[in-house]
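Notes to accompany the following structure.
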Amino acid sequence: MRRFLASLSLLAVTACAPHQVTLSYHTEDGDLLSYELELDAEIERTLSGQTRHEIVKAAFRIQQEVLDALPGGRTRIRITLRPHSLRVNGTGRRVGRNQEFVVITRADGSVVAIEEGGGETTEALAPVGIERLLPRLQPVLPGRAVGPGDTWSSESALEDVSGRFSLALRSRLAALGRSRGHASALLRTTYTSPVERREIFANAVADIEGRDVGTQEAWFALDGFLVRASGDSVGRYRVVFRPPGGEVGVAPVRGRIHVRLHTEMRLLPQVAGV
C-alpha cells in the first residue's frame, strides 16, 4: 500500500511539472539585484625560467542595475563590484577600490559590449581578468521553450581598447526544481574563450594571448533572474612583458601564465527584495 501511494504521489508530481519552460531575463528600468561573488584562483607565472605560484582568494559584492532598454531588445546594465577581501597565499592584501562597468546585453543575457568605468584591479587579480569574467557570470538563455535535456549554443565576441576575446558556449537544461525558495531551471554550460589582450601591471605592460575553457552550473529563476551559479575554468596564456614607458634598450620578457579559477555567485535576497 505504501509503495502504491508513493507511486501515485510521483505520478501527480510528474503530471504537474512543466515539460517545457520559456526562460527570459526580467529587465525593467531600475531593477536592482545584488550578489555575493567568491573567487578562488591558482595562478602560475613563468618568466625567464623562474616560476611563481600563488593562491588567490577574493570576495566581492556585486550590484546589477538595469539602466535602460535599447533598440533590438538590448539592455544597458550597470555592474558595480565592491571588493570585500583579498588574500594571496594566505596573507591579506589591499582590496582596491570599487570597479564599475556598463555592459550591453542581448535579450538572452549574452554580453555584447563592456564599457569600463572607474575603479582599479589589483595586480594579484589582474591575471583573472575581471572584465573577461563578466560575460560568464550569468547564463545565456535559449530564446525558445526548452525541456530537460534540451541543448543550445551561442557565440559572442567583445572588443575594447585593451583587446578582444570571444565566447563559444554550449548549454543544456539539466533539470527543473527549486533553488533557495524559487522555482528554477538548472542550466549547465561549457565554453571556450580565445583571448588576445593587453593588461597593465604595476611595473610592466603585458600582451596576452591564449584561451580559457570552462564550465558553469547555474540555477535560473523562472521569474527572470539568476539565483546562484558556480564555475570552473582553466586559462593558458602566452605573455610578453614590456616596460610601461617603452624604455629604449630594455628587451621584452616572454613567459606564460596559467590560471585555474573557481567562482561562486549567490543572490542576496535581503538586497534584491525577493
Side-chain angles (χ1 to χ4, degrees), residues 23 25 37-46 56 58 62 74 77 79 81 101 103-116 121 125-144 146 148-175 185-199 206-220 226 228-240 254-265:
L23 306 174
Y25 283 93
L37 173 65
E38 296 178 356
L39 308 179
D40 291 289
E42 298 180 28
I43 300 171
E44 178 184 285
R45 296 182 177 93
T46 301
V56 178
I62 294 182
R74 299 187 177 192
I77 299 175
I79 298 179
L81 279 74
F101 302 85
V103 302
I104 311 299
T105 66
R106 296 191 185 98
D108 62 5
S110 59
V111 176
V112 295
I114 302 174
E115 304 171 6
E116 185 171 359
T121 297
L125 284 172
V128 173
I130 296 297
E131 75 286 347
R132 300 195 308 272
L133 186 63
L134 293 178
R136 307 200 302 258
L137 290 180
Q138 64 181 21
V140 175
L141 304 180
R144 56 183 170 84
V146 290
D150 288 348
T151 63
W152 62 94
S153 300
S154 64
E155 294 186 6
S156 60
L158 300 96
E159 188 168 354
D160 58 23
V161 294
S162 297
R164 62 180 181 267
F165 64 98
S166 61
L167 278 172
L169 306 99
R170 182 171 179 81
S171 302
R172 179 171 66 92
L173 175 55
L186 175 60
L187 312 179
R188 292 196 172 106
T189 298
T190 59
Y191 65 84
T192 301
S193 177
V195 175
E196 187 175 342
R197 305 281 296 171
R198 173 163 289 181
E199 303 284 359
D207 293 315
I208 300 173
E209 184 178 351
R211 69 171 188 164
D212 297 334
V213 295
T215 63
Q216 184 196 63
E217 181 174 282
W219 282 98
F220 185 82
L226 178 67
R228 58 187 173 95
S230 62
D232 290 278
S233 66
V234 176
R236 298 182 180 273
Y237 314 105
R238 296 176 298 276
V239 59
V240 179
R254 299 181 183 276
R256 67 178 188 268
I257 299 177
H258 294 171
V259 180
R260 293 182 179 272
L261 178 65
H262 177 74
T263 61
E264 295 280 348
M265 188 168 168

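Computed from a predicted model, the values in this text were never measured in an experiment.
Of all the heavy atoms in S193 and S166, the pair that sits closest is OG-O, 2.7 Å. Among all heavy-atom pairs drawn from Y237 and G210, the shortest one is CD2-CA, 3.9 Å. Listed here is the closest heavy atom pair of P127 and R45: CG-NH2, 3.0 Å. Counting all heavy atoms, side chain and backbone alike, D207 lies closest to R198 at OD1-NE, 2.6 Å. Minimum interatomic distance between R188 and A174 (heavy atoms only, all atoms of both residues): NH1-CB, 3.2 Å. The minimum heavy-atom distance between R228 and L226, with the atom names listed, is O-CD1, 3.6 Å.
When the ring-ring contact (aromatic ring centres under 6.0 Å, His included) test is applied to F165, no partner is found at least two apart in sequence or on another chain. In terms of the side chain to side chain donor-acceptor pair (under 3.5 Å) criterion, T105 has no residue partners (sequence neighbours excluded). Take R236 and apply the side chain to side chain donor-acceptor pair (under 3.5 Å) test, not counting sequence neighbours, and it matches H258. Residues satisfying the ring-ring contact (aromatic ring centres under 6.0 Å, His included) test with Y191, not counting sequence neighbours, are none. When the side chain to side chain contact (heavy atoms under 4.5 Å, CB included) test is applied to R254, the partners found at least two apart in sequence or on another chain are V240.
In this structure, OG1 in T192 is found 5.5 Å from CZ in R211, a value given to the nearest 0.5 Å. If you take CD on E131 and CG on L81, they are separated by 11.0 Å, rounding to the nearest 0.5 Å. Put simply, CG on D150 and CZ on R172 are 10.5 Å apart, with the number rounded to the nearest 0.5 Å. The structure places CG of L125 at 7.0 Å from CD1 of I43, a figure rounded to the nearest 0.5 Å. Atoms CZ and CZ, on R132 and R197 in that order, are 6.5 Å from each other to the nearest 0.5 Å. Taking CG of L37 as the start and CD of E264 as the end, the distance is 9.5 Å to the nearest 0.5 Å.
Residues L173 and L187 meet the side-chain proximity criterion, which asks for heavy atoms closer than 4.5 Å. Within the 4.5 Å cutoff, the side chain of I62 has no heavy atoms near those of the L134 side chain. Using a 4.5 Å heavy-atom threshold, the side chains of E217 and L186 count as touching.
Looking at Q216, its side chain does come within 3.5 Å of a backbone N or O of R136 through a donor-acceptor pair. A donor-acceptor pair under 3.5 Å is absent between the side-chain atoms of H262 and the main chain of L39, judged by distance alone. In this structure, W152 contributes its side chain and G143 its backbone to no donor-acceptor pair below 3.5 Å.
For the side chain to side chain contact (heavy atoms under 4.5 Å, CB included) with L261, the lone residue among V56, D212, L133 that qualifies is L133.
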Identify each donor-acceptor pair in which a side-chain atom of residues 107-114 lies under 3.5 Å from a protein atom, sequence neighbours left out, and give them as a table.
residue : atom : partner : partner atom : Å
D108    : OD1  : S110    : N            : 2.9
D108    : OD1  : S110    : OG           : 2.7
S110    : OG   : R106    : NH1          : 3.0

Is there a side chain to side chain contact (heavy atoms under 4.5 Å, CB included) between E44 and R256 once you walk through the steps?
CA-CA 8 Å; E44 178 184 285; R256 67 178 188 268; 3.9 Å; yes
